[in-house]
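Quick note on labels: first sequence line is chain A, next is B, and so on, each numbered from 1.
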2 protein chains.
Amino acid sequence: MTRKTDARARAIATAVRLFRIQGYTATGLTQILEESGAPKGSFYFHFPRGKTQLAEEAIDHYVEARIAVLRNISADTTGDALGFTRQIFSTFAAEMVASDFQYGCLMQNLANELAALDFELTKRVAHGFAESTEVIADHFKGCGFGLARASSTAAALVAALEGARTIARLERTPAIFEALADVSVQRWAAPKA
Amino acid sequence: MTRKTDARARAIATAVRLFRIQGYTATGLTQILEESGAPKGSFYFHFPRGKTQLAEEAIDHYVEARIAVLRNISADTTGDALGFTRQIFSTFAAEMVASDFQYGCLMQNLANELAALDFELTKRVAHGFAESTEVIADHFKGCGFGLARASSTAAALVAALEGARTIARLERTPAIFEALADVSVQRWAAPKA
DNA sequence: GCCATACTATGGTGATCACCATAGATACGT
DNA sequence: ACGTATCTATGGTGATCACCATAGTATGGC
């Protein structure tokens with residue numbers, strides 16, 4: 001039952017990377033196998049359901065990592081809505097700069113290719129967004145926001161984050177994150193309504 | 001010099017529709033021709049540079065239409081930053097509901113497939129976003145916003161709009177637009193800083 | 001030593017991809 | 001009516017797509 005090679009894990013990691021850069025449809029199995037160094041012969045041994053299964057596991061990994069990042073930021077800024085918002089924007093911006101603006105959000109890429117996705121995959125993408133929003137809403141609740149305001153602010157923040165990624169990739173500068181941080185911190189996440 | 005058929009125009013219109021629903025890579029030429037009813041034989045007569053040229057003309061059409069919508073809303077709400085913002089969100093939300101949440105933003109879809117795009121196409125996408133942002137910023141300036149605030153608010157609004165589209169497609173409800181409208185109207189576009 | 005499990009190599013399937021060469025049809029101005 | 005420009009049909013190119021059948025190797029427990 002124990003794994004003997006890391007070919008499987010490498011394939012998933014490479015899939016995450018390429019799906020983020022190129023999208024789901026634009027990324028072929030051959031490219032994933034080549035770039036990961038995983039052998040072509042054993043792909044359907046590791047992933048009997050093929051590309052779909054690989055994508056499912058890729059998004060699971062991505063969502064998990066993203067939630068962890070959000071939880072860390074939340075823990076670092078307990079009770080501080082402004083600091084939380086600011087740090088989310090700066091963290092996402094830093095990620096983009098580090099990758100030279102090549103990486104998009106895997107959930108967003110898949111969400112914009114819904115026509116190519118089966119139900120199971122769609123569900124996972126939706127769940128990833130819901131979970132992200134929930135973590136953020138929980139933080140705002142911990143800052144004394146009312147239920148409704150915490151939820152709508154969190155939803156707005158997630159949407160803004162996704163949109164910012166798209167814009168930043170095009171402009172190849174983190175300026176949009178700073179603009180959003182300014183606007184949001186001063187107006188959205190203000191401690192008083 | 002005068003056109004004799006509408007095959008060209010129909011191909012472009014269908015390309016816009018399919019690129020918005022499925023994305024650029026996922027949409028094949030054959031599907032575009034089939035669904036538009038345009039004859040396959042004359043595709044490279046109308047578009048000598050192939051799929052790339054078709055995409056260029058598709059995005060030109062899309063951007064033009066989007067700018068027109070924004071200008072109309074701007075004219076309808078002169079001097080009213082709150083009303084402007086509110087109406088933008090409600091218009092975009094209504095569009096999505098009308099299409100049963102099938103349509104994404106063409107610029108956003110292309111921006112998330114940058115790896116598959118040549119320089120010319122990338123430039124047009126970037127220009128589309130820049131122009132949208134400018135129209136919005138101009139409106140805010142007309143509401144008495146300072147230059148810097150008008151620009152950053154406009155950029156934030158565009159990003160939020162794009163992100164909202166992604167989320168709405170997944171959730172199949174316009175709730176995210178309402179959340180953003182609430183948060184934005186109350187905090188972003190407030191007449192005083 | 002033996003066998004089951006884990007893994008890989010090889011060589012293909014048919015389908016679809018964007019693209020194009022050649023030829024034929026249609027319609028307009030003059 | 002003749003020539004030219006606009007448009008379309010046909011049949012194909014090689015490349016790549018996801019996927020798979022078959023066979024083989026490696027490695028562990030017993």
Quiz prompt | Per A/A7 side chain, nearest of listed nucleotides C/dT8, D/dC7, D/dA9 | solution = C/dT8

Quiz item: Hydrophobic cluster mates of A/F119, side-chain heavy atoms under 4.5 angstrom, ILVMFWY only, any path?
Solution: none

Quiz item: With no hydrogens and no angle check, do the side chains of A/T14 and A/E35 hold a donor and an acceptor under 3.5 Å apart?
Solution: no

Practice problem: Would you mind reading off the distance between A/Q22 atom CD and D/dC17 atom P, rounded to a whole angstrom? | Solution: 10 Å

Exercise. May I ask you to evaluate whether B/H46 reaches the phosphate of D/dT8, defined as a side-chain N or O under 4.0 Å from OP1 or OP2?
Key: yes

Quiz item: So, do A/F84 and A/F140 have ring centers that fall under 6.0 Å from each other?
Solution: yes

Quiz item: Can you name the residues that form a salt bridge (Lys or Arg N to Asp or Glu O under 4.0 Å) with A/E95, not counting sequence neighbours?
Solution: A/R165

Self-check item: Atom pair distance, as rounded to whole Å: CG in B/L33 and C1' in C/dT16
Solution: 15 Å

Quiz item: Is A/R10 paired with A/E34 through a side-chain N to carboxylate O contact shorter than 4.0 Å?
Solution: no

Self-check item: Selection from D/dT6, C/dA9, D/dA9 that lies nearest to any side-chain heavy atom of A/P39
Solution: C/dA9

Exercise. If a protein heavy atom is under 4.0 Å from the base, mark B; if only from the sugar-phosphate, S; if neither, -; do that for nucleotides 18-25 of chain C going 5' to 3'.
Key: SBB-----

Exercise. Say whether A/T25 and A/E113, considering side chains only, have a donor N or O and an acceptor N or O under 3.5 Å apart.
Key: yes

Practice problem: Check whether any side-chain nitrogen or oxygen of B/S42 sits under 4.0 Å from OP1 or OP2 of D/dT8, and answer yes or no. | Solution: yes

